[in-house]
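Every heavy atom of this structure was used, including side-chain atoms; hydrogens, water molecules and symmetry mates were not.
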Amino acid sequence: MSGESGLVPLTDDEQQAAERVIAEYFEAKIHEAEEVAVQAAANVRAAKATATAWGTTRTLCGVEAFGVVAIASTRLIEAGEALIAGGGSKGDYERRRDDQRLVFRYVREVLGHDMEGHQS
């Protein structure tokens, strides 16, 4: 493609410099992806530890309590969006709504976490 549209062809040094910059770009992307993978692995370990603790103690800290309510709420929203878009079912939406309400009540009534930000 060199020489097209009146462009001056790259010198060998310019071509090598450009290729080096492109290689550095891909090295940076790989490094970034590896960092994300390390963080993801740490998140998986933390989630497994939390799940194990939940399985034995049936307790959640405030952040985890908000997290489970948020997940139930997100699933309800997704089911509602799918229903509106024509790809979901009313039954799925109703199940998600019931799940969200049940989780909210459980976290508040059994675990004692007030979702308004105060411990009961």
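Minimum heavy-atom separation, Val69 to Phe104: CG1-CD1, 4.0 Å. Shortest non-hydrogen contact noted between Leu83 and Gly88 is CD1-O, 3.6 Å. Across all their heavy atoms, Gln100 and Ser73 have their closest contact at NE2-OG, 3.1 Å. Of all non-hydrogen atoms in Ala79 and Tyr93, the two that sit nearest each other are CB-CA, 3.9 Å.
One finds the NZ atom of Lys90 at 8.5 Å from the CZ atom of Arg97 (value rounded to the nearest 0.5 Å). Taking CG of Asp92 as the start and CG of Leu76 as the end, the distance is 9.5 Å to the nearest 0.5 Å. Summarising the geometry, atom CG belonging to Leu10 is positioned 11.0 Å from atom CD belonging to Gln16; distances are rounded to the nearest 0.5 Å. Interatomic distance, Arg75 CZ to Asp99 CG, rounded to the nearest 0.5 Å: 8.5 Å. Between atom OG1 of residue Thr59 and atom CD of residue Glu64 there is a gap of 7.5 Å, rounded to the nearest 0.5 Å. Note: His113 NE2 to Cys61 SG = 7.0 Å, rounded to the nearest 0.5 Å.
In terms of hydrophobic clustering, with Ile, Leu, Val, Met, Phe, Trp and Tyr side chains grouped at heavy-atom distances under 4.5 Å, Val107 and Trp54 are assigned to a common cluster. Residues Val110 and Leu60 are members of one and the same hydrophobic cluster, defined by side-chain heavy-atom contacts under 4.5 angstrom among Ile, Leu, Val, Met, Phe, Trp and Tyr.
A salt bridge does not link Arg95 with Asp98: none of the charged nitrogens is closer than 4.0 Å to a carboxylate oxygen.
Under the 4.5 Å side-chain criterion, counting only non-hydrogen atoms from C-beta, Gln15 is not in contact with Thr11.
Residues His31 and Glu35 bring a donor and an acceptor atom of their side chains to less than 3.5 Å of each other. Using modelled atom types and a 3.5 Å distance limit, the side chains of Asn43 and Gln39 yield a donor-acceptor pair.
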CA sep, side-chain torsions, deciding dist, call: Arg105, Arg101, side chain to side chain contact (heavy atoms under 4.5 Å, CB included): CA-CA 6 Å; Arg105 285 188 58 214; Arg101 289 176 178 169; 5.6 Å; no
